There are 2 protein chains.
Amino acid sequence: MSGPTIYDVAAAAEVATSTVSRAFSQPGRVSAATRDRVLAVAAELGYRPNPHARALLSGKHHTVAMVVSDITNPHYFELIRGAEMRARVSEYTLLLVNAEESPRVEWEQIQRLAPAVDGFMLSASRLPDENLLQIAAQRPVVLVSRELPGIASVVLDHVEGCRQIVSHLASLGHRDLLYLAGPRNSWMAGTRWAALQTAAEQAGVSVRRIGPFTPKVNQGGAAADAALNAGGATALVAHNDLLAIGVLQRLATRGVRVPDDVSVVGFDDIFAADVCTPGLTTLGGAHVDVGRAAVELLLTAGSRAPEDQPRVALPTELVLRGSTGATT
Amino acid sequence: MSGPTIYDVAAAAEVATSTVSRAFSQPGRVSAATRDRVLAVAAELGYRPNPHARALLSGKHHTVAMVVSDITNPHYFELIRGAEMRARVSEYTLLLVNAEESPRVEWEQIQRLAPAVDGFMLSASRLPDENLLQIAAQRPVVLVSRELPGIASVVLDHVEGCRQIVSHLASLGHRDLLYLAGPRNSWMAGTRWAALQTAAEQAGVSVRRIGPFTPKVNQGGAAADAALNAGGATALVAHNDLLAIGVLQRLATRGVRVPDDVSVVGFDDIFAADVCTPGLTTLGGAHVDVGRAAVELLLTAGSRAPEDQPRVALPTELVLRGSTGATT
DNA sequence: ATGAAAGCGCTAACAA
DNA sequence: TTGTTAGCGCTTTCAT
C-alpha cells in the first residue's frame with residue numbers, strides 16, 4: 001500500500017528518525033556524512049515523505065487553492081497557468097476549484113477545503129463582501145479581478161483600461177457608447193461601468209448601459225438585440241469577449257455590419273477573439289502575470305497585517321482588431 | 001490558527017472522541033440522540049474534520065489528480081469540468097497538474113504528488129509506456145486519450161471517428177488526403193494515423209502524412225506551407241483544432257481558398273472552431289463525459305485486477321462546418 | 001451504544 | 001551533531 005517511512009529509513013541507515021527528518025527538512029543541521037548516507041538509503045528504499053503527516057504537525061500544507069467562477073471561460077487558462085507555474089517554483093500544489101457561477105457552490109467548496117490548504121485565490125468571486133471577509137479571517141486570501149479593503153488583490157487596471165477603450169472609440173468618432181453589462185453579482189461589471197462613465201465624461205462622449213447579461217456566447221444574441229433595440233449607439237462595449245463574440249455572431253445574422261454600422265469591443269483578449277470575423281478589439285493584459293502575482297501575494301500573505309494588504313493593478317493593453325472602425 | 005478538534009467537540013458534548021468520530025463517519029453506529037447532539041455541538045463550534053489527520057490514518061485522501069499535457073489547450077476545459085463535477089459528487093477534490101508538454105515535468109509532478117492522492121488521471125500523457133506502468137504499480141491510474149494494456153483508459157473512439165472523417169471527405173469527392181501529424185510522443189498522433197490509413201483503404205482513397213507538428217496555432221503556418229509543398233492533396237486533416245486553425249490562417253494569407261481549393265478538418269471541436277472563418281469541420285465528442293468517466297473509473301479502480309482494467313471508448317461526432325466542401 | 005487507548009508518519013522540543 | 005520523546009487530529013480495535 002503505502003511506501004517506506006522514516007522508521008524504515010532510520011533503521012536501514014542506523015540513525016534516529018529525527019535525523020532522517022532533519023536530513024530532509026533542515027539539511028544544514030546534520031553532518032554532511034550522515035546526511036548523505038540517509039539520503040542514499042532513502043533513495044534506495046524509494047522513500048517519499050508523507051505530505052499529510054507533515055501537514056498535520058506543521059499546519060503547512062504546501063497547497064493553495066484557486067477558485068474560479070466558471071472554468072469553461074477561456075480567459076482563465078492563462079491565469080491558471082501563471083498560478084501553476086509560480087506555485088510549482090515554491091513546490092506548492094495548486095488546487096483548482098470550479099464555482100460554476102454559483103455562490104453557494106463556491107462557498108461550500110471553500111469551507112470544505114479550508115482546513116486543507118494554506119490559502120485561497122478567489123477569481124471573479126461571486127460571493128458578497130461579508131463572506132469574503134469571513135473567509136479571509138480563517139485563511140489567507142488573495143482576490144483576483146476583484147477588490148475589497150482588508151484583502152489582498154490582483155486586478156488588471158480596468159480604470160486605465162476603460163480609458164483606453166473610450167479614447168480609442170472617441171478617436172474613431174464615436175459619441176454614443178453602450179455598455180452590455182455583466183452579471184449583477186460581478187464586481188467587475190460594476191467597476192467597469194463606473195470606469196467607463198468616468199472615462200466617457202472625460203472624453204466628452206456619452207455612455208449608457210443595458211443588461212445584465214450572463215457573460216456567455218449564447219447570451220450574445222439577446223445582448224445584440226437589446227442593443228439594437230436601445231438604438232443610437234455606434235459602439236458596443238461588451239462585458240467580456242465571450243459575450244462580444246456572441247454579439248458579433250448575432251449582428252452578422254441580422255445583417256448589421258461590423259465595424260461599418262457598429263463597432264464592438266470586448267474584455268480579456270481570449271484566444272477566440274483573434275480568430276473570429278471580424279477580429280475582436282478587446283482589452284487584454286498579461287493574465288499569466290496576474291496568476292503569478294496572486295500566488296506570490298498568497299505565499300507572502302502571513303506576514304502582513306489586515307490593514308496593509310496590497311492591491312496590485314497590472315497594466316492592460318488594448319488589442320486593436322477589425323471589430324472597431326471609424327464612424328461613417 | 002486551526003479550528004476546533006474532535007476533542008473540543010467531545011468535551012462540549014460530554015462524550016468520548018471516538019463517539020464524535022463515529023457520529024461523522026459511521027452515523028449508524030451511534031444512537032440518534034447522541035449523534036444529533038454531537039452534530040449540533042460540532043456545528044455550533046464550527047468544527048471541520050481535518051482531512052490530513054483523516055488521510056494519515058486511513059490512507060484515503062479523497063483527492064484525485066488530473067495531469068494534462070498542456071493546460072492552455074482549450075480542449076481540456078470540458079474534460080476538466082466533467083472530471084471536477086464527477087469528483088465533487090463523491091466529495092473528492094480534483095488536483096489539476098500541468099505538464100507543459102514536458103515528460104520530465106510530468107514525471108516529477110506525479111512522483112511528488114503520489115503520496116498525497118488516491119489516483120491519477122493522465123491525459124494525453126507524453127510519458128513512455130514503461131513509466132506509465134511504473135506509476136500504475138504505485139497508484140490507481142486512468143489514462144485519457146491514450147491506451148495501454150493493463151491500465152484503465154477513456155478515449156473518444158478515434159477509429160470510428162477517423163472513419164467518419166474519411167467517409168465525409170470521400171463523399172465530397174476527395175481522393176487524396178494529407179494528415180498533418182501531431183508530436184512524436186503523442187499516442188494519439190500515432191493512433192489517428194493508423195486509423196486514417198485503415199479508413200482510407202476501406203474508402204478507396206489515399207492518405208499521406210507529414211509532420212510531426214507541435215499542436216499549436218503558431219505551428220499551423222509551417223504545417224500549411226509543408227502541406228502545400230507536398231502537393232496533390234485536396235483535403236488536410238490536422239492533428240487538432242489548434243493546428244487546423246493555424247493552417248486556416250496561413251492558407252488565407254497565401255490566397256488558398258478553403259474549402260474551394262482545399263478542405264481542412266481538425267480534431268476536438270474546441271470553442272474557437274465554431275468562431276473562425278470558415279468554421280472548422282472537426283471531430284468532436286462529449287469531453288465532459290470523458291472527464292466524468294475518467295473519475296468514475298478511478299474511484300472504482302481499487303477493486304479491479306490489472307488484467308481487466310476497462311477500456312472505455314466514447315462516441316465521436318463529426319461536426320460539419322464551412323472548412324470542408326466538394327472537390328471542384 | 002459508548003469509552004479508553006493505541007497508533008498513522010512526521011516534526012520539534014529537549015536531552016545527551 | 002544526534003537521539004528520545006511527545007504529540008498533530010483522527011480512526012479503530014478492544015473493552016465495557
Side-chain angles (χ1 to χ4, degrees), chain A residues 1-42 45-63 91 112-118 138-139, chain B residues 1-39 41-42 45-63 91 112-118 138:
Chain A
M1 175 73 203
S2 47
T5 73
I6 43 170
Y7 289 102
D8 303 317
V9 178
E14 296 181 311
V15 293
T17 59
S18 52
T19 304
V20 177
S21 173
R22 278 189 285 255
F24 279 92
S25 38
Q26 299 148 13
R29 302 183 41 166
V30 201
S31 77
T34 40
R35 169 162 40 90
D36 291 347
R37 187 156 45 90
V38 168
L39 293 183
V41 170
L45 263 49
Y47 165 76
R48 306 221 149 246
N50 181 323
H52 293 300
R54 192 176 275 193
L56 184 54
L57 192 53
S58 64
K60 295 269 115 234
H61 319 81
H62 265 241
T63 301
E91 299 203 287
R112 196 172 71 81
L113 257 22
V117 303
D118 293 317
Q138 319 176 226
R139 288 281 167 198
Chain B
M1 176 71 200
S2 46
T5 72
I6 45 171
Y7 290 99
D8 303 317
V9 177
E14 296 179 312
V15 293
T17 59
S18 50
T19 304
V20 178
S21 173
R22 277 190 286 256
F24 280 92
S25 38
Q26 300 148 12
R29 301 183 41 165
V30 198
S31 77
T34 40
R35 168 161 42 88
D36 291 347
R37 186 156 44 89
V38 168
L39 293 183
V41 169
L45 263 48
Y47 165 76
R48 307 223 149 244
N50 181 322
H52 292 301
R54 190 174 277 193
L56 184 54
L57 193 52
S58 65
K60 295 270 116 231
H61 321 79
H62 265 241
T63 301
E91 299 202 286
R112 196 171 71 81
L113 256 23
V117 303
D118 293 317
Q138 317 177 225

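Because only heavy atoms are used, hydrogens play no part in the values below, and waters and symmetry mates are left out as well, while side chains stay in. The sequence lines fix the lettering, A, B, ..., with proteins before strands; numbering per chain opens at 1. Since this is a predicted model, take the numbers as computed values, not measurements.
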If you check the B/I6 side chain, which of D/dC10, C/dT11, C/dG9 turns out closest?
D/dC10
Residues in side-chain hydrogen bond (donor to acceptor under 3.5 Å, both in side chains) contact with A/R112, at least two apart in sequence or another chain
B/T93
Let me test you: for the helix from C/dA1-D/dT16 to C/dA16-D/dT1, what is the angle between the axes at its two ends (five pairs each), rounded to 10 degrees?
30°
Mutual orientation of the aromatic rings belonging to B/H61 and A/H52 [parallel < 30°, tilted 30-60°, perpendicular > 60°]
parallel
Out of C/dC10, D/dC10, D/dG3, minimum distance to the side chain of A/L57 belongs to C/dC10
Can you check whether A/Y47 has a side-chain N or O nearer than 4.0 Å to OP1 or OP2 of C/dC10?
yes
Suppose we call a contact any N or O donor and acceptor under 3.5 Å apart; does that hold for the side chain of A/S18 and the base of D/dT5?
no
Checking contacts here: which listed nucleotide (C/dA4, D/dT5, C/dG9) is nearest the side-chain heavy atoms of A/A53?
C/dG9
Value in whole Å for how far the P atom of C/dT11 lies from NE2 of A/H52
14 Å
B/R35 atom CZ is separated from C/dT2 atom P, nearest whole Å, by 10 Å
For DNA chain D, the residues among residues 22-34 of chain A that have a non-hydrogen atom under 4.0 Å from it:
A/R22, A/R29, A/V30, A/S31, A/T34
Determine whether B/Q26 and B/V30 make a side-chain contact, defined as any pair of heavy atoms from C-beta on separated by less than 4.5 Å.
no
Can you see if the side chain of A/T19 gets near the phosphate of D/dG3 - specifically, an N or O under 4.0 Å from OP1 or OP2?
yes
Validation row, ring centre B/F24 to ring centre B/Y47 under 6.0 Å:
yes
Rounding to a whole Å, what distance do you find between A/N50:CG and D/dG9:P?
16 Å
For B/D118 and B/H62, work out which heavy atoms get closest and say how close.
OD2-N, 2.6 Å
Closest contact, heavy atoms only, B/P115 versus A/R48:
CG-CB, 4.0 Å
Write down the distance between CG (B/L56) and P (C/dT11), rounded to a whole number of angstrom.
12 Å
Counting the atoms with a prime plus P, OP1 and OP2 as sugar-phosphate, which does B/V20 contact under 4.0 Å by heavy atoms, base, sugar-phosphate, or nothing?
nothing
Look up atom CZ in A/R139 and atom CG in A/L113, then write down how far apart they are to the nearest 0.5 Å.
10.5 Å
B/V9 and B/V20: which non-hydrogen atoms are nearest, and at how many Å?
CG1-CG1, 3.8 Å
Looking only at C/dT11, D/dG9, D/dG3, the nucleotide nearest the A/S21 side chain is C/dT11
Just how far, in rounded Å, is C1' of D/dG9 from NE2 of A/H61?
11 Å
Nearest heavy atoms of B/A12 and B/V41, plus distance in Å
CB-CG1, 3.5 Å
Let me know the distance between CG of B/D36 and P of C/dA1, rounded to the nearest Å.
14 Å
Answer with yes or no whether A/Y7 presents, from its side chain, a donor or acceptor under 3.5 Å of a partner atom in the base of C/dC8.
no
Donor on one side chain, acceptor on other, B/S31 and B/T34, under 3.5 Å:
yes
